[in-house]
Chemist: 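Pasting a structure here, questions to come.
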Protein chains: 2
Amino acid sequence: MPGPIQSLSRAAAIMRLLAGGERRLGLSEVATALDLAKGTAHGILRTLQQEGFVEQDPESGKYQLGAELLRLGQSYLDVHELRARALVWADDLARAAGETVYLGVLHQQGVLIVHHVFRPDDTRQVLEVGSMQPLHSTALGKVLLSYDPVARGELGDGPYESYTLRTLTETADVDAECALIRERGWADSIEETWEGVASIGALIQDRRRNPVGAVCVNGPIERVCEDGFVKPSLVASVRSAARAISRDLGAGRF
Amino acid sequence: MPGPIQSLSRAAAIMRLLAGGERRLGLSEVATALDLAKGTAHGILRTLQQEGFVEQDPESGKYQLGAELLRLGQSYLDVHELRARALVWADDLARAAGETVYLGVLHQQGVLIVHHVFRPDDTRQVLEVGSMQPLHSTALGKVLLSYDPVARGELGDGPYESYTLRTLTETADVDAECALIRERGWADSIEETWEGVASIGALIQDRRRNPVGAVCVNGPIERVCEDGFVKPSLVASVRSAARAISRDLGAGRF
DNA sequence: CCACTGCGGTCGACAATGTCGACCGCCTGT
DNA sequence: ACAGGCGGTCGACATTGTCGACCGCAGTGG
């Protein structure tokens with residue numbers, strides 16, 4: 001049965017729609033947005049609600065995502081092998097670098113953050129686990145673009161979204177950058193996504209040498225850079241952390 | 001169409017199954033566990049995989065939960081009104097009490113942790129957001145049991161699971177405890193779930209005075225208790241935080 | 001080395017199933 | 001009081017998901 005199950009795809013589309021709009025959505029809004037008959041949308045929403053994937057505000061009748069998704073998302077993290085192996089290394093890296101550490105994997109057209117170590121002893125920070133970052137303007141993303149053909153395929157062509165003056169928006173520029181990254185073995189991103197923020201990333205491979213994710217350190221440009229370039233000592237720390245995690249995954253038998 | 005959509009319910013069951021077993025599951029395992037034809041299970045898994053809810057280990061062919069669940073789970077938190085309003089109050093409470101703070105809502109037969117403030121300046125701790133706690137042996141759970149008839153209904157009767165010597169396992173004992181909680185307006189749990197750990201919880205209501213969740217402080221018995229009882233000052237802090245959050249939700253118009 | 005057994009995956013017939021659009025009652029704003 | 005919008009229901013229809021037999025492969029024990 002090589003066709004996807006229609007009702008399931010539609011249910012997924014509804015959940016993505018609910019995740020996208022920051023506010024609750026009514027039945028009719030959902031139906032028209034996805035071009036479904038109201039009855040059909042209602043049947044799907046009813047089932048999703050029953051299963052806990054969607055909740056309905058009893059006052060307004062509008063729908064939002066449900067708690068079961070949080071629970072299952074947590075289960076995803078529990079099983080995630082890369083994350084489990086990387087926990088301790090990421091911690092060490094954050095301590096050594098004195099900066100925030102992210103661990104990301106390719107997901108659809110972006111990088112999904114699966115682990116986040118707060119910058120040691122600093123102000124309050126928000127946990128980024130579960131959020132997405134763009135492929136073409138972050139260190140994590142550019143690492144994956146450089147080594148994972150699937151990631152490059154997902155990105156496609158055409159001008160990419162610009163976040164700052166330094167964002168690379170042209171296909172040719174990004175591809176050239178990726179060639180450089182492959183050559184030297186690490187990626188950086190200096191104010192390409194957020195003003196004042198720079199990061200350095202490196203690849204994580206599994207036992208078959210397939211790219212499975214990336215680590216990066218992330219911090220204010222004043223602390224991460226020197227004379228306009230990222231600090232070599234930080235690059236070394238990130239690369240050695242990435243190698244350590246890869247070895248832990250079984251890629252280390254050189 | 002008052003019947004749930006079969007394929008959707010089955011897909012949900014598959015995801016729950018994958019979330020339950022800590023290891024990856026094969027197609028046949030899934031099919032037999034849920035009493036489905038292999039072809040049917042495969043169709044559902046294929047669709048779930050395509051949508052990112054399930055991933056397949058290309059080596060072994062076995063299935064596990066997918067990254068999209070993490071992303072959607074995060075979106076759930078983003079929209080969650082109770083959590084958004086409670087963020088700052090929970091922080092204040094943690095600082096004032098010097099202990100871990102949890103924020104939980106009823107979900108199925110347990111309490112789902114939707115926010116977790118780490119104990120201030122202490123050792124490394126694991127984030128509990130997304131995990132579940134039992135209803136009958138935690139401060140959060142007993143608060144919800146006492147005020148939310150739905151929670152009481154979900155719990156059912158019969159001896160409950162015992163975690164320590166102090167866990168209440170009999171229906172009558174739990175109900176008596178809940179009556180006491182309603183009378184005094186707060187719940188505690190001293191070593192009823194984990195040895196050496198005590199917690200104090202209070203109810204959060206929305207603008208229509210419906211129970212929507214609970215807050216608690218949680219810490220080692222030596223710091224939370226005095227002479228075998230929880231410290232009154234902590235009780236006061238928790239209750240005032242719960243009132244503050246409720247007021248923020250619109251319940252405060254007395 | 002080769003049956004054998006288990007796996008994940010495919011196929012096509014069948015009818016159970018989800019879909020559709022008209023309809024209902026309710027609430028809100030006019 | 002009315003009109004217009006909402007969420008929700010209903011029943012006929014045929015599209016759609018389901019089923020069980022089948023395929024090729026990999027590991028295994030004789």
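All values reported here derive from a predicted model rather than from experimental measurement. Numbered from 1 within each chain, the chains take letters A, B, ... in sequence-line order.
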Chemist: Which residue pairs satisfy the salt bridge (Lys or Arg N to Asp or Glu O under 4.0 Å) criterion with at least one member in residues 126-141 of chain B, sequence neighbours excluded?
Modeler: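 Non-adjacent pairs meeting salt bridge (Lys or Arg N to Asp or Glu O under 4.0 Å): zero.
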
Chemist: Expressed as a whole number of angstroms, how long is the span from A/E29:CD to D/dG8:P?
Modeler: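 Result: 13 Å.
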
Chemist: If I take atom CG in residue A/D57 and atom P in nucleotide C/dC27, what distance separates them, rounded to the nearest angstrom?
Modeler: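 So the two atoms are 16 Å apart, to the nearest Å.
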
Chemist: Nearest-Å distance, CD (A/Q49) to C1' (D/dG7)?
Modeler: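 Answer to the nearest Å: 12 Å.
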
Chemist: If I take atom CG in residue A/L45 and atom C1' in nucleotide C/dT19, what distance separates them, rounded to the nearest angstrom?
Modeler: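 After rounding, the gap between these two atoms is 15 Å.
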
Chemist: Quick one: do the A/S60 and A/D57 side chains pair a donor with an acceptor below 3.5 Å?
Modeler: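 Indeed, the side chains of A/S60 and A/D57 share at least one donor-acceptor pair under 3.5 Å.
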
Chemist: Take the protein atom NZ of B/K62 and the nucleotide atom P of C/dG9, then report the distance between them rounded to whole Å.
Modeler: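 The distance from NZ of B/K62 to P of C/dG9 comes to 11 Å, rounded to the nearest Å.
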
Chemist: Would one find more than 12 heavy atoms of other residues, nucleotides or ligands at under 6.0 Å from atom CH2 of B/W186?
Modeler: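 Yes, because the 6.0 Å sphere around CH2 of B/W186 holds more than 12 heavy atoms from other groups.
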
Chemist: Hey, does the side chain of A/Q6 come within less than 4.0 Å of C/dT19's phosphate (OP1/OP2), counting only N and O?
Modeler: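 Affirmative; the distance criterion is met.
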
Chemist: State which of D/dT18, D/dT9, C/dT10 makes the closest approach to the side chain of B/R46.
Modeler: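 Selected nucleotide: C/dT10.
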
Chemist: Here's a test of your reading of the structure: between A/L8 and A/S60, which maps to the more 5' nucleotide of DNA chain D?
Modeler: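 Here A/S60 is the residue nearer the 5' end.
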
Chemist: Does A/R83 have any side-chain hydrogen bond (donor to acceptor under 3.5 Å, both in side chains) partners at least two apart in sequence or in another chain, and if so, which?
Modeler: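 Counting only residues at least two positions away or on another chain, A/R83 forms no side-chain hydrogen bond (donor to acceptor under 3.5 Å, both in side chains).
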
Chemist: Under 6.0 Å between ring centres: does that hold for A/H42 and A/Y63?
Modeler: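 Here the rings of A/Y63 and A/H42 have centres that are no less than 6.0 Å from each other.
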
Chemist: Without swapping roles, check the side chain of B/T47 against the backbone of A/I5 for a donor-acceptor pair under 3.5 Å.
Modeler: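 Checking the backbone N and O of A/I5 against the side chain of B/T47, a donor-acceptor pair under 3.5 Å is found.
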
Chemist: Of B/A41 and A/L25, whose nearest nucleotide on DNA chain D comes first from the 5' end?
Modeler: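 Its nearest nucleotide being more 5', the pick is A/L25.
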
Chemist: Respond yes when some side-chain nitrogen or oxygen of B/T40 is under 4.0 Å from OP1 or OP2 of D/dG17, and no when none is.
Modeler: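 For D/dG17, neither OP1 nor OP2 has a side-chain N or O of B/T40 closer than 4.0 Å.
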
Chemist: Below 4.0 angstrom from OP1 or OP2 of C/dT19, is there any side-chain N or O of A/R10?
Modeler: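 For A/R10, the contact criterion (side-chain N or O under 4.0 Å from OP1 or OP2 of C/dT19) is met.
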
Chemist: With a cut-off of less than 4.0 Å, is there a side-chain N or O of B/S28 near OP1 or OP2 of C/dG6?
Modeler: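 Answer no for this pair, as no side-chain N or O of B/S28 is under 4.0 Å from OP1 or OP2.
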
Chemist: Looking at D/dG8, I'd like to know if its phosphate oxygens (OP1 or OP2) sit under 4.0 Å from a side-chain N or O belonging to A/Y63.
Modeler: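 For A/Y63, the contact criterion (side-chain N or O under 4.0 Å from OP1 or OP2 of D/dG8) is met.
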
Chemist: State whether A/H42 places a side-chain N or O below 4.0 Å from either non-bridging phosphate oxygen (OP1 or OP2) of D/dG8.
Modeler: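 Answer is yes, contact under 4.0 Å.
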
Chemist: Grab the CG-P distance between B/L27 and D/dT18 for me, whole Å please.
Modeler: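 Atom-to-atom, B/L27 to D/dT18, this comes out as 14 Å.
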
Chemist: In terms of side-chain heavy atoms of B/A37, which of D/dG20, D/dG8, C/dG21 is nearest?
Modeler: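 Nearest to the side chain of B/A37 among the choices is D/dG20.
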
Chemist: Rounded to whole Å, please give me the gap between CD1 in B/I44 and P in D/dT16.
Modeler: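 Computing the B/I44:CD1 to D/dT16:P distance gives 17 Å.
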
Chemist: Hey, is the side chain of B/S7 poking within less than 4.0 Å of OP1 or OP2 on C/dT17, counting only N and O atoms?
Modeler: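 For C/dT17, neither OP1 nor OP2 has a side-chain N or O of B/S7 closer than 4.0 Å.
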
Chemist: May I ask you to evaluate whether A/R24 reaches the phosphate of D/dG7, defined as a side-chain N or O under 4.0 Å from OP1 or OP2?
Modeler: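 Answer is no, no contact under 4.0 Å.
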
Chemist: Which part of the nucleic acid, if any, lies within reach of A/Q56 when heavy atoms closer than 4.0 Å are counted: base, sugar-phosphate only, or nothing?
Modeler: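 It contacts sugar-phosphate atoms only.
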
Chemist: Nearest-Å distance, CD (B/E59) to P (D/dA26)?
Modeler: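 In whole Å, D/dA26 P lies 13 Å from B/E59 CD.
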
Chemist: Mind checking A/K38 for me? I need base, sugar-phosphate or nothing, with any heavy atom below 4.0 Å counting as a touch.
Modeler: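 It contacts base atoms.
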
